[in-house]
2 protein chains.
Amino acid sequence: MPDLDPALAYDVTQFERPSVTADIVIFTLRHRTLQVLLIQRKAWPFEGLWAIPGGFVRMEETLEAAAERELREETGVTDAALEQLRAYGDPGRDPRTRVITLAFTALIPSDRVILRADTDAADANWFPIDDLPLPLAFDHIKILEDAHKSLRAKVEAGYVARGLLPAKFTLTQLQEVYETLMGRELDKRNFRKWILSLGILSQTTEEVRGAHRPAALYEFAG
Amino acid sequence: MPDLDPALAYDVTQFERPSVTADIVIFTLRHRTLQVLLIQRKAWPFEGLWAIPGGFVRMEETLEAAAERELREETGVTDAALEQLRAYGDPGRDPRTRVITLAFTALIPSDRVILRADTDAADANWFPIDDLPLPLAFDHIKILEDAHKSLRAKVEAGYVARGLLPAKFTLTQLQEVYETLMGRELDKRNFRKWILSLGILSQTTEEVRGAHRPAALYEFAG
DNA sequence: TAAATAGTGTCTATAAGACACTATTCT
DNA sequence: AGAATAGTGTCTTATAGACACTATTTA
């Protein structure tokens with residue numbers, strides 16, 4: 001059967017349909033800690049518990065547009081790079097009805113976020129990925145675990161977390177991002193050798209003058 | 001908004017819901033070529049075009065169970081390792097109604113397959129991934145491209161395609177699988193050094209006696 | 001004994017990691 | 001001058017790849 005059973009012509013109404021939502025795992029770095037944005041549920045089910053922000057996919061929007069809209073509504077951030085994680089759809093994961101959720105991840109710099117506890121949420125807040133307000137609503141702990149695992153795998157494989165940095169940054173700042181994501185300290189000389197060898201950075205003419213020796217500012221090339 | 005908008009209580013019926021299908025990219029090796037199983041559509045839309053097999057996710061089954069059921073219905077194969085690829089859901093990808101499809105991939109040995117052109121399909125057949133009967137129905141060419149890219153990435157990263165081999169096999173057979181998946185020839189000594197160093201194979205006491213020097217049979221350990 | 005496939009080891013190049021000091025600026 | 005951060009090079013080890021011959025069996 002391709003997509004819809006051709007034998008049924010296109011009377012799709014005869015099948016009961018699930019609800020489809022887009023949930024979005026929003027990662028940021030705060031206080032040198034990897035944190036996620038959660039909202040506190042106002043109503044049944046799981047009233048009072050914390051959950052990953054998300055909402056219905058509307059009939060006229062793409063899946064990515066739904067996730068972008070949710071991100072914008074929750075954080076005001078408009079141009080983050082979103083990635084699909086996977087779908088979660090066990091019957092019973094939502095006590096109301098069959099709900100299939102498409103999980104997305106986003107990495108954003110925390111200073112660009114304006115938290116909005118909107119009408120649906122009692123509260124919205126950041127939590128360290130290693131210190132979550134358990135239990136979470138629905139199967140959201142599983143989604144967070146998968147998102148964290150996926151992020152770690154990408155970072156270990158050399159994925160560069162552009163989304164977590166301002167446009168211009170020092171190599172020390174970049175190294176701190178990596179150290180936080182990888183959960184261990186890195187050697188400064190090896191890190192610089194490696195990151196510069198990737199050819200994805202270009203040095204600007206600017207430098208940042210702090211309390212001591214100024215540091216060169218870099219940006220992502222291309 | 002977590003999953004379903006709590007402000008709406010649980011009256012989920014007020015939102016129009018999309019149809020959700022599971023489509024499954026079934027890979028196999030035939031004649032030293034990577035091939036996929038396609039079915040030919042019997043009815044509008046895209047009547048006569050070839051498509052990836054798939055069907056509705058039923059209300060009481062998990063997403064994985066839906067994909068397994070489709071695989072079984074199309075091929076008779078029951079215990080293949082299925083993996084989620086991603087969701088495809090652009091409005092308009094199906095002219096009948098909004099259809100969000102969850103794409104899965106499976107790797108199976110072609111000798112275990114009994115093709116069944118069931119009631120929904122005019123025909124079912126294998127096609128080399130590099131020689132597809134274009135154009136395909138829906139956005140299925142995009143799904144196949146993504147599935148192929150994902151497979152190549154996994155193989156390059158050392159993923160071992162257990163699913164494509166019989167329970168016991170020679171190292172030469174295993175090497176041929178890798179060569180086909182990677183699209184290039186491999187050095188026999190280097191391949192054996194590498195695959196044995198992974199520690200995932202164990203040698204059986206059996207050997208296969210063909211036209212010439214017998215080859216040792218291996219199996220996956222664990 | 002010829003044909004066909006199975007099976008084996010070394011050397012080289014590259015990448016990753018351990019490791020410590022000098023340079024510049026500010027107060 | 002002292003404190004603080006920026007910036008730099010070598011050696012070692014592990015991994016990946018190039019490369020060619022011997023071993024065993026059947027017809």
Side-chain angles (χ1 to χ4, degrees), chain A residues 29 31-32 152-161 165-221, chain B residues 29 31-32 152-161 165-221:
Chain A
L29 293 185
H31 319 305
R32 296 218 194 170
R152 267 193 303 243
K154 279 191 275 191
V155 171
E156 292 285 347
Y159 170 82
V160 178
L165 285 158
K168 296 178 183 178
F169 47 85
T170 67
L171 292 184
T172 298
Q173 285 177 311
L174 182 56
Q175 182 175 345
E176 284 168 357
V177 168
Y178 269 82
E179 288 178 336
T180 301
L181 292 178
M182 297 177 78
R184 63 186 171 96
E185 298 199 338
L186 301 173
D187 179 85
K188 188 200 267 195
R189 289 158 293 185
N190 292 339
F191 176 78
R192 285 170 184 233
K193 233 187 316 179
W194 172 72
I195 198 78
L196 292 174
S197 78
L198 294 183
I200 56 175
L201 298 183
S202 58
Q203 188 172 353
T204 69
T205 55
E206 299 168 65
E207 45 184 33
V208 57
R209 311 184 79 79
H212 300 288
R213 176 173 177 178
L217 281 171
Y218 287 77
E219 61 190 359
F220 287 105
Chain B
L29 293 186
H31 318 305
R32 294 218 195 170
R152 265 192 304 242
K154 279 192 275 191
V155 171
E156 291 285 347
Y159 169 82
V160 179
L165 287 159
K168 295 178 184 177
F169 47 86
T170 67
L171 292 184
T172 299
Q173 285 178 311
L174 183 57
Q175 181 175 345
E176 283 169 358
V177 168
Y178 270 81
E179 288 178 336
T180 302
L181 292 178
M182 297 177 77
R184 63 187 170 95
E185 298 200 338
L186 301 173
D187 179 84
K188 187 200 270 194
R189 287 159 294 185
N190 292 338
F191 176 77
R192 285 169 184 235
K193 235 188 313 180
W194 171 73
I195 198 78
L196 292 174
S197 78
L198 295 182
I200 56 176
L201 298 184
S202 58
Q203 188 173 354
T204 69
T205 55
E206 298 169 67
E207 46 184 30
V208 57
R209 311 184 78 80
H212 299 288
R213 176 174 176 176
L217 282 170
Y218 287 77
E219 61 190 359
F220 288 105

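Here is how names work: the chains are called A, B, and so on, in the same order as the sequence lines, proteins then strands, and each is numbered from 1. Everything numeric in this text was worked out from a predicted model, so none of it was measured. Because only heavy atoms are used, hydrogens play no part in the values below, and waters and symmetry mates are left out as well, while side chains stay in.
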Hits for salt bridge (charged side-chain N to carboxylate O under 4.0 Å, His left out) against B:Arg184, two or more places apart or cross-chain, chain-then-number order -> none
Could I get the full list of ring-ring contact (aromatic ring centres under 6.0 Å, His included) partners for B:Tyr218, not counting sequence neighbours?
-> none
Give the rounded distance in Å between these two atoms: CD of B:Glu176 and P of C:dT5.
-> 10 Å
Between P of D:dA27 and CZ of B:Arg209, the distance in whole Å = 11 Å
Please state how far atom CH2 in A:Trp194 lies from atom C1' in C:dG17, giving the value in whole angstrom units.
-> 14 Å
Do A:Leu186 and A:Glu176 come within less than 4.5 Å of each other through their side chains, counting heavy atoms only?
-> no
Near B:Gln203 CD, under 6.0 Å, is it more than 12 heavy atoms from other residues, nucleotides or ligands?
-> yes
Are any protein N/O atoms closer than 3.5 Å to N/O atoms in nucleotides 4-9 of chain D? If there are, list each pair with its distance.
residue	atom	partner	partner atom	Å
D:dA4	O4'	A:His212	NE2	3.2
D:dA6	OP1	A:Thr172	OG1	3.4
D:dA6	OP2	A:Thr172	OG1	3.2
D:dA6	O3'	A:Pro214	O	3.4
D:dA6	N7	A:Lys188	NZ	3.4
D:dA6	N3	A:Arg213	NH1	3.0
D:dG7	OP1	A:Ala216	N	3.0
D:dG7	OP2	A:Arg192	NH1	3.3
D:dG7	N7	A:Lys188	NZ	2.8

Decide yes or no for B:Trp194 and B:Asp187: does some side-chain heavy atom of the first lie under 4.5 Å from some side-chain heavy atom of the second?
-> no
